[in-house]
There are 2 protein chains.
Amino acid sequence: MPRSPKAAPQASPPIVDLGELPGHIGYVVRRAQVAIFQHIIRAMAPLNVRPGQFSVLTLVGANPGIRQTAISEALGIRRANLVALVGELERRGWVQRATVVGDRRAHGLRLTAKGRAALARLKTLAAGHERRVTRTITSREKRDLMRLLRRIRDAST
Amino acid sequence: MPRSPKAAPQASPPIVDLGELPGHIGYVVRRAQVAIFQHIIRAMAPLNVRPGQFSVLTLVGANPGIRQTAISEALGIRRANLVALVGELERRGWVQRATVVGDRRAHGLRLTAKGRAALARLKTLAAGHERRVTRTITSREKRDLMRLLRRIRDAST
DNA sequence: TATTGTTATACTCTATAACTATA
DNA sequence: TATAGTTATAGAGTATAACAATA
């Protein structure tokens with residue numbers, strides 16, 4: 001059973017000195033990530049879909065016949081943990097596992113018609129979410145933000 | 001027992017179309033956050049300290065006598081989950097729980113001498129980590145990045 | 001009545017190891 | 001031998017509800 005994650009209670013704040021935390025990129029990125037995820041989970045609540053499921057659905061939609069291992073490497077989700085995730089998408093009738101011709105070990109994943117409809121709906125919800133959370137920055141600022149984050153990510157290896 | 005989180009295996013990547021994911025702020029922020037956290041956990045491995053513990057230590061250091069509820073609200077960690085976290089810091093001899101004069105329900109947290117030494121060491125490790133992960137961006141870019149992330153976070157309520 | 005810290009509990013996400021069936 | 005998917009399992013992190021002590 002999924003739960004709607006509520007923000008931690010932000011009651012009358014006693015003035016707390018955060019020290020050097022606000023100067024740490026890890027702290028600021030983490031707080032932003034949590035806030036964004038809470039927002040998108042709320043946005044996708046009508047379909048009860050979580051970010052991980054959305055990203056897998058997106059990959060299957062963009063790469064019909066893709067193998068679980070390829071998804072694993074592309075998204076940084078371990079193969080073992082994808083089993084239940086894909087299983088849930090299959091249980092919902094959104095994704096099909098079909099054996100790949102020429103390699104009977106592998107499963108080629110495809111969206112069903114229902115899955116394509118769900119993904120279309122989710123993309124609309126995601127777009128609305130995106131507009132909301134980026135409403136106070138310009139598209140140029142968003143582009144710069146993404147570029148800097150990718151550089152930070154590349155530098156964090 | 002803590003484990004050293006390894007990056008998900010990034011083997012010979014079959015070309016996968018990520019669809020619209022790279023255009024989603026949530027996706028880019030999340031991937032960056034995971035990479036940064038893996039990096040800082042490695043950086044703090046000598047003291048076997050995780051990001052949550054570091055942030056609590058920082059707050060106690062900057063706010064001697066702070067109550068657990070104040071930490072909870074400042075960091076977005078629920079009171080209930082702070083119990084074990086602070087307990088571990090106390091077990092390590094880094095933090096003391098003392099009853100607050102005038103309110104015997106509360107615990108005022110303070111660093112011990114050992115805790116101050118540990119925090120000093122951690123701040124050095126954190127600074128090294130910070131230099132590494134931001135080495136490919138300018139200080140102006142870092143400032144802009146933080147500003148934009150805070151705006152995204154504020155917009156995600 | 002409300003608040004502080006706490007306990008108990010459960011769910012999600014992530015991690016490793018080992019298995020099976022194929023290659 | 002190696003790979004794809006799977007199972008079993010364990011550890012973080014995070015969520016809720018309810019309790020005792022105190023305000």
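Chain letters run A, B, ... following the sequence lines, proteins first and then strands; every chain starts at 1.
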Undergrad: CD of A:Glu90 versus P of D:dG5: gap in Å, rounded?
TA: 13 Å
Undergrad: To the nearest 10°, give me the bend of the helix from C:dT1-D:dA23 to C:dA23-D:dT1, comparing the axes of its five terminal pairs at either end.
TA: 10°
Undergrad: Report yes or no: does B:Arg151 contribute a side-chain atom to a donor-acceptor pair with the main-chain N or O of A:Thr136 at less than 3.5 Å?
TA: yes
Undergrad: Using a strict 4.0 Å threshold on nitrogen-to-oxygen distance, state whether A:Arg147 and A:Asp144 make a salt bridge.
TA: yes
Undergrad: Counting distance only, does the side-chain N/O of A:Ser72 pair as donor-acceptor with the main-chain N or O of A:Gln68 below 3.5 Å?
TA: no
Undergrad: Treating B:Asp17 as the side-chain partner and A:Asn63 as the backbone partner, does any N or O pair qualify as donor plus acceptor under 3.5 Å?
TA: no
Undergrad: How long is the line joining CZ of A:Arg67 and P of C:dT22, in whole Å?
TA: 14 Å
Undergrad: Whole-Å distance between C:dA15 P and A:Leu75 CG?
TA: 13 Å
Undergrad: For A:Ile66 and for A:Val34, find the nucleotide of DNA chain D with the closest heavy atom, then tell me which residue's nucleotide is more 5'.
TA: A:Ile66
Undergrad: What is the distance from CD of A:Gln38 to C1' of D:dT14, rounded to the nearest Å?
TA: 11 Å
Undergrad: Rounded to the nearest Å, what distance is computed from the CD atom of residue A:Gln96 to the C1' atom of nucleotide D:dG5?
TA: 18 Å
Undergrad: Are A:Arg78 and D:dT6 close enough that a side-chain N or O sits under 4.0 Å from OP1 or OP2?
TA: no
Undergrad: Between CZ of B:Arg30 and CG of A:Leu75, what distance do you get to the nearest 0.5 Å?
TA: 11.5 Å
Undergrad: Tell me if the CD atom of B:Glu90 is crowded by more than 12 foreign heavy atoms within 6.0 Å.
TA: yes
Undergrad: Let me have a per-nucleotide readout for nucleotides 17-23 of chain D, 5' to 3', with B, S or -, counting only protein heavy atoms under 4.0 Å.
TA: B---BBS
Undergrad: Whole angstrom is fine here: how far is it from CD in A:Gln68 over to C1' in D:dT3?
TA: 14 Å
Undergrad: Rounding to an integer number of Å, can you tell me how far B:Ile71 CD1 sits from C:dG5 C1'?
TA: 12 Å
Undergrad: Given C:dG5, is OP1 or OP2 found less than 4.0 Å from the side-chain N or O atoms of B:Thr69?
TA: yes
Undergrad: Is there a side-chain contact between A:Ile40 and B:His24 in this structure, where contact means two heavy atoms from C-beta onward sitting under 4.5 Å apart?
TA: no
Undergrad: So which nucleotide from C:dG5, C:dC13, D:dA12 ends up closest to the side chain of B:His107?
TA: C:dG5
Undergrad: Can you check whether A:Gly115's main-chain N or O pairs, donor with acceptor, with A:Thr112's side chain at less than 3.5 Å?
TA: yes
Undergrad: Report the residue from B:Lys142, B:His39, B:Arg135 that forms a side-chain hydrogen bond (donor to acceptor under 3.5 Å, both in side chains) with B:Glu130.
TA: B:Lys142
Undergrad: When you check the phosphate oxygens OP1 and OP2 of D:dT6, does a side-chain N or O of A:Arg97 lie under 4.0 Å from one of them?
TA: yes
Undergrad: Rounded to the Å, how far apart are A:Gln53 CD and C:dT14 P?
TA: 12 Å
